[in-house]
Amino acid sequence: MNEKFASLGLRPADILLPESGTDMTRWAVVACDQFTSQPEYWDEVERIVGDAPSTLRMILPESRLGEDGVEDHIADINRAMADYLSRDIFRTLPESIVYIERTQSDGAVRPGLVAAVDLEKYDYTPGSGSLIRATEGTVLERIPPRVQVRKDAPIELPHVMLLIDDPKKICVEPITAAREEMELLYDFQLMMGGGRLRGWKLSGEQVDALAAAMTRLSSDEAMEHKYGLGGIAPLLFAVGDGNHSLATAKTCYENLKKVTPEAQWADLPARYALVEIENLHNPALQFEAIHRVVFGVDPEKLIAAFLEFYPNAHTGQGVGHTIAYIHAEGEGYLTVPNPRGQLPVGTLQNFLDAYLRENGGEVDYIHGEDVTDELGRQAGNIGFKLPAMSKDQLFKTVIADGVLPRKTFSMGHAADKRYYVEGRKIR
């Protein structure tokens, strides 16, 4: 292990890639938690892949997580992984970090780094002071079925995306500038309109420079400069996508620790998880708001309850957290002056959780104002439209509030989510 990374919760990894000659377009498929309500998407992926080697054979699309026979599907995944290893489908890049560029469906280019993180440095508990932290609340009930998929798997394929708050662009961007001098690993079109993906291997000098840059980024001076908070536990990585997948990896590792002598923990492959790391300040990375529609309620009664829940709140726009609403009888704004939380979504979600618990009704999380308007105007519904969170609020809010409310933001469209390419042995 490169000792320069010891304090960073990050390390190069023995990365698995398919051997040259593999059809990479059929190899790479989108993250398993996408298109969960569109089984036809995964049916088309199945048709495209056919009999070719593919990461499709090593993942369980979450749209099928609740289907009958899921245990058999998991067993098939483990057999496929073992088969690929025995047939030398993979080549190994020892102690490596991969620089990738994803050309998205909108033409924007999003750079990132694929490396391993130390799960000892990750804690999804709200208010954690760990170096790697969840950004949204972890739903514990979602972890056990994912543990069933991972616990006996010999290989991991990552769709976890971690963000760094690097406004001076000292970590990823110097590698971008040097990519034409690096070893090109792959360059291909992603299936199903996913854009283009290219990957390069970092040199030893680049790996050392990255460690030095990450060390500066996590220093007390950096925390003071960016957040006005010196002497705090540094936050280096915030989970942008795949929090429940990372929480699953953490759970599997913690379970292994229970049956492994402590002196051997550092050598457990399951102690580490492969991730993609991106800079929050890259312009191709966009945050989109996630709105709310509440079904099966009396909108006027709900608004009155909101004003009672926050005694200083008022209708109309003003200073503080302002939230737009729409229902069958009209539309307007609710404003909460001097809010306790950092974000309007938290102010709204705290109220909705309490109200629905006492009064019934259901909430759905909606992408797009048009859909929110359409659903909100239907009788018995009310829609709430939230402002998009500014990217520079992410780390500050996680430090101040512990985690964001669930469904606070989305990082791009489903077609632009991470595709599986690299892997790593975890057994």
Side-chain angles (χ1 to χ4, degrees), residues 9-10 13 15 28-36 55-56 58-63 65 77 98 100 102 104 110 112-119 121-125 128 130-151 153 155-164 190 194 197 235-253 270-280 282 285-288 290 365 394-395 398 403-404 406-424 426:
L10 181 73
I15 293 176
V29 303
V30 79
C32 65
D33 59 347
Q34 299 304 306
F35 302 101
T36 55
T55 55
L56 179 63
M58 298 184 285
I59 67 161
L60 178 61
E62 292 196 4
S63 63
L65 198 57
I77 289 169
V98 175
I100 65 174
R102 169 77 174 276
Q104 300 177 153
R110 203 179 73 213
L113 299 168
V114 177
V117 292
D118 185 350
L119 294 170
K121 303 286 188 179
Y122 163 66
D123 188 350
Y124 55 78
T125 306
S128 161
S130 59
L131 203 63
I132 308 166
R133 302 180 206 174
T135 52
E136 295 186 354
T138 302
V139 181
L140 299 181
E141 293 79 10
R142 294 185 63 186
I143 296 177
R146 289 157 180 79
V147 168
Q148 290 299 113
V149 178
R150 184 181 176 95
K151 67 183 180 68
I155 296 170
E156 67 169 351
L157 299 161
H159 75 258
V160 176
M161 186 186 297
L162 302 186
L163 300 175
I164 54 174
L190 295 162
L197 191 66
L235 170 58
L236 181 56
F237 301 110
V239 182
D241 262 343
N243 181 61
H244 286 90
S245 291
L246 197 60
T248 297
K250 174 77 168 179
T251 301
C252 289
Y253 168 55
R271 173 170 173 161
Y272 304 93
L274 207 60
V275 301
E276 180 182 345
I277 298 162
E278 295 191 4
N279 185 6
L280 182 70
N282 185 273
L285 184 64
Q286 295 295 319
F287 283 7
E288 299 177 0
I290 303 178
Y365 303 92
L394 178 63
F395 278 66
V398 171
V403 293
L404 304 174
R406 63 183 176 275
K407 302 293 185 181
T408 294
F409 67 94
S410 173
M411 295 200 308
H413 302 296
D416 291 323
K417 297 297 185 180
R418 178 172 169 79
Y419 276 58
Y420 301 110
V421 178
E422 294 84 2
R424 188 180 72 90
I426 54 173

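Note that CZ of Arg102 is 12.0 Å distant from CG of Leu285, once rounded to the nearest 0.5 Å. With rounding to the nearest 0.5 angstrom, the CG atom of Leu162 is 6.0 Å from the CD1 atom of Ile277. Interatomic distance, Ile155 CD1 to Thr55 OG1, rounded to the nearest 0.5 Å: 11.0 Å. Of the inter-residue distances, the one linking Ile164 atom CD1 with Asn282 atom CG reads 10.5 Å to the nearest 0.5 angstrom. To the nearest 0.5 Å, atoms CG (Leu60) and CD1 (Ile77) are separated by 5.0 Å.
His159 is linked by a ring-ring contact (aromatic ring centres under 6.0 Å, His included) to Tyr420, counting only residues two or more places apart in sequence or in another chain. Partners of Lys417 under the side chain to side chain donor-acceptor pair (under 3.5 Å) rule, at least two apart in sequence or in another chain, are Asp241. When the side-chain contact (heavy atoms from CB on, under 4.5 Å) test is applied to Ala134, the partners found at least two apart in sequence or on another chain are Tyr124, Thr138, Asn243. For Thr248, the side chain to side chain donor-acceptor pair (under 3.5 Å) criterion is met by no residue, not counting sequence neighbours. Checked against ring-ring contact (aromatic ring centres under 6.0 Å, His included), Phe395 has no partners two or more places apart in sequence or in another chain. With sequence neighbours excluded, the residues satisfying side-chain contact (heavy atoms from CB on, under 4.5 Å) with Ala249 are Leu119, Arg150, Ala273. Take Leu131 and apply the side-chain contact (heavy atoms from CB on, under 4.5 Å) test, not counting sequence neighbours, and it matches Lys121, Pro234, Leu236. Taking the side chain to side chain donor-acceptor pair (under 3.5 Å) definition, one finds that Arg146 meets it with Glu62, sequence neighbours left out. Asp118 meets the salt bridge (charged side-chain N to carboxylate O under 4.0 Å, His left out) test with Arg271; sequence neighbours excluded. Applying the side chain to side chain donor-acceptor pair (under 3.5 Å) criterion to Asp123, with sequence neighbours excluded, gives Thr125. For the side-chain contact (heavy atoms from CB on, under 4.5 Å) test, residues two or more places apart in sequence or in another chain that qualify with Ala28 are Phe188, Leu190, Tyr419, Val421. Residues forming a ring-ring contact (aromatic ring centres under 6.0 Å, His included) with Phe409 (at least two apart in sequence, or on another chain): Phe287.
Taking the side chain as every heavy atom from C-beta outward, Thr135 and Val403 never approach each other to under 4.5 Å. Side-chain contact between Lys250 and Ile132 is absent, with no heavy-atom pair separated by less than 4.5 Å. Between Leu163 and Glu278 the shortest side-chain heavy-atom distance falls below 4.5 Å.
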Test side chain to side chain contact (heavy atoms under 4.5 Å, CB included) on Val117 and Val160; report intermediate values, then the result. CA-CA 11 Å; Val117 292; Val160 176; over 6 Å; no
Run Ile100 and Glu422 through side chain to side chain contact (heavy atoms under 4.5 Å, CB included) and show every step you take. CA-CA 11 Å; Ile100 65 174; Glu422 294 84 2; 4.0 Å; yes
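Side chain of Gln104 to backbone of Arg110: no donor-acceptor contact under 3.5 angstrom is found. When atom types are taken as modelled, the side chain of Arg418 and the backbone of Gly242 share no donor-acceptor pair closer than 3.5 angstrom.
The one candidate from Leu274, Val114, Leu113 that meets the side-chain contact (heavy atoms from CB on, under 4.5 Å) condition with Val98 is Val114.
Closest approach of Leu394 and Ala238 over heavy atoms only: CD2-CB, 4.5 Å.
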